[in-house]
Amino acid sequence: MESYEFLAGCYDALTTDVRYPLWADYLEKHFAKSRLPIHTVLDLACGTGSLTVELARRGYEMIGADRSEEMLAQAQEKTAELGEALPIRPIFLHQSMEKLDLYGTIDACVCCLDSVNYVTRPDLLAKAFQRVHLFLMPGGLFIFDINTPEKLKGLDGQVFLDETEDAYCVWRAEYAPRRRICTYAMDVFRHVRGDLWERGTELHEEYAYEPDQLEEMLRQAGFGQIKRYGERKMRAPKAGEERIFFVARKDF
């Protein structure tokens, strides 16, 4: 299991807040098409809660779940800082996908930013889909995206750099065809004070799921209507797209 002990503290500095409103806009397009009014939403694998908070700002009753205590600590801090700026304060749960256990039902579940790829055991992902289906209201939506196998294979051997005034991250990608795993080796430098920086290393993995494989998992979990979309598009994916969205509905 990957640890986010070091990355969590500078994750928000290395990512841009601009993308979260764009992702929320896209999710709301699907919410608007739902036959079931969407009020209560689960953000599965919520990380530091940026998307959770963005949807909460828009009036949704949000639940964020993540297996990383470090990420959830950042999410709680972010929520506390906003205070009354949030109409409804999100609830955060320390849970892995396959052990999801909610207090009640939800109208929709979103799992964004290729979080599904980070479940590197297909049997555990199948259990996660079953747990989501269990807690969804009839007619509820399950929306998630994946990095396609083509994208993960194309990352092999590449080196990337993310840099801000307070954080510096170099990561290298390697793809293992037999395991269907893309491994990211990260060196993270975090500014402490003055000329002092901390260095941490982390290793993360993504599994290259075939879209047909995921659709079969969804059907086995009990989902009826399943559609695929291009990257933040309201159309079917085109050949060569690097990110695909799935929208699955629990039958009435």
Side-chain angles (χ1 to χ4, degrees), residues 23-36 38 41-47 51 65-67 95-100 102 105-155 175-182 205-252:
W23 281 66
D25 287 345
Y26 180 70
L27 294 172
E28 286 198 304
K29 289 179 182 179
H30 288 289
F31 292 171
K33 294 175 62 179
S34 173
R35 291 165 57 190
L36 174 73
I38 305 298
V41 180
L42 169 67
D43 186 3
L44 190 60
C46 65
L51 182 60
D66 201 278
R67 69 183 185 183
Q95 296 180 357
S96 58
M97 292 189 197
E98 72 276 7
K99 295 181 180 179
L100 180 68
L102 303 181
T105 55
I106 52 176
D107 302 319
C109 174
V110 300
C111 186
C112 296
L113 299 164
D114 47 277
S115 294
V116 161
N117 294 100
Y118 280 87
V119 183
T120 56
R121 286 177 50 186
D123 62 320
L124 293 185
L125 185 61
K127 289 180 181 178
F129 285 179
Q130 292 166 13
R131 300 302 291 176
V132 170
H133 185 271
L134 175 65
F135 291 105
L136 272 176
M137 286 283 290
L141 298 180
F142 180 26
I143 306 173
F144 65 89
D145 65 276
I146 61 163
N147 278 333
T148 62
E150 291 76 15
K151 177 179 180 178
L152 294 178
K153 292 173 186 176
L155 291 176
Y175 183 78
R178 291 184 63 183
R179 297 175 61 224
R180 301 186 60 81
I181 295 286
C182 186
E205 295 180 332
E206 290 198 28
Y207 189 91
Y209 287 100
E210 293 290 345
D212 287 346
Q213 177 186 11
L214 292 170
E215 185 161 335
E216 180 59 26
M217 283 186 187
L218 289 167
R219 295 198 185 282
Q220 289 294 326
F223 288 95
Q225 181 179 308
I226 303 167
K227 292 186 177 181
R228 304 178 197 177
Y229 295 86
E231 183 167 2
R232 295 210 315 268
K233 304 294 184 184
M234 300 301 287
R235 55 151 174 80
K238 295 181 179 179
E241 289 211 50
E242 295 187 335
R243 187 180 300 274
I244 292 177
F245 278 78
F246 284 78
V247 180
R249 190 183 72 191
K250 181 174 180 176
D251 289 337
F252 283 98

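Side-chain atoms are counted along with the backbone in the values below, which use heavy atoms only and exclude waters and symmetry mates.
The CG atom of N147 lies 5.0 Å from the CG atom of N117; values are rounded to the nearest 0.5 Å. Taking OH of Y175 as the reference point, atom CD1 of I181 lies at 8.0 Å (rounded to 0.5 Å). Atom CZ in F135 sits 5.5 Å away from atom CG in L100 (nearest 0.5 Å). With rounding to the nearest 0.5 angstrom, the SG atom of C109 is 9.0 Å from the CD1 atom of I143. Summarising the geometry, atom CZ belonging to F245 is positioned 11.0 Å from atom NZ belonging to K233; distances are rounded to the nearest 0.5 Å. With rounding to the nearest 0.5 angstrom, the CG atom of L113 is 13.5 Å from the CD1 atom of I146.
Just one residue in the list R228, E242, E231 forms a side chain to side chain contact (heavy atoms under 4.5 Å, CB included) with P237, and that residue is R228.
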For a ring-ring contact (aromatic ring centres under 6.0 Å, His included) check, start with the C-alpha distance between F142 and F129, then their side-chain angles and the critical distance, and finish with the verdict. CA-CA 9 Å; F142 180 26; F129 285 179; 5.5 Å; yes
Carefully, step by step, assess C112 and L27 under the rule side-chain contact (heavy atoms from CB on, under 4.5 Å). CA-CA 10 Å; C112 296; L27 294 172; 4.2 Å; yes
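Across all non-hydrogen atoms, the minimal contact from K99 to Q95 is O-OE1, 4.1 Å. Closest non-hydrogen pair, R180 versus P149, comes out as NH2-CG, 4.0 Å. When all heavy atoms of E98 and L124 are compared, the closest pair comes out as CB-O, 3.5 Å. The two residues L51 and A24 have their closest heavy-atom pair at CD1-N, 4.1 Å. Residues L152 and A208 share a closest heavy-atom pair of CD1-CA, 3.8 Å. Annotation for C46 and D66: closest pair N-OD2, 3.3 Å, computed over non-hydrogen atoms.
In this structure the side chain of Y207 never reaches within 4.5 angstrom of the side chain of V119, judged on heavy atoms. With contacts defined as side-chain heavy-atom distances shorter than 4.5 Å, the pair L214/L125 qualifies. Residues I106 and L136 have side chains in contact (heavy-atom distance under 4.5 Å, counting atoms from C-beta outward). The side-chain heavy atoms of F144 and L218, taken from C-beta on, include a pair separated by under 4.5 Å.
Applying the side-chain hydrogen bond (donor to acceptor under 3.5 Å, both in side chains) test to residues at least two apart or on different chains, none of the pairs has a partner in residues 131-142. Every pair passing salt bridge (charged side-chain N to carboxylate O under 4.0 Å, His left out) that includes a residue from residues 137-155 is listed here, sequence neighbours excluded: D145-R243.
Under the 4.0 Å criterion applied to side-chain N and carboxylate O atoms, R179 and E205 are assigned as salt-bridge partners.
Without hydrogens or angle criteria, S115 side chain to L44 main chain gives no donor-acceptor distance under 3.5 Å.
With sequence neighbours excluded, no residue satisfies salt bridge (charged side-chain N to carboxylate O under 4.0 Å, His left out) with R232. With sequence neighbours excluded, no residue satisfies salt bridge (charged side-chain N to carboxylate O under 4.0 Å, His left out) with E216. Residues satisfying the salt bridge (charged side-chain N to carboxylate O under 4.0 Å, His left out) criterion with R178, sequence neighbours excluded, are absent altogether.
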Using atom types as modelled, flag every donor-acceptor pair under 3.5 Å from a side chain in residues 29-36 to any protein atom, sequence neighbours excluded.
| from | atom 1 | to | atom 2 | distance (Å) |
| --- | --- | --- | --- | --- |
| H30 | NE2 | Y26 | OH | 3.0 |
| S34 | OG | L36 | N | 3.0 |
| S34 | OG | L36 | O | 2.8 |

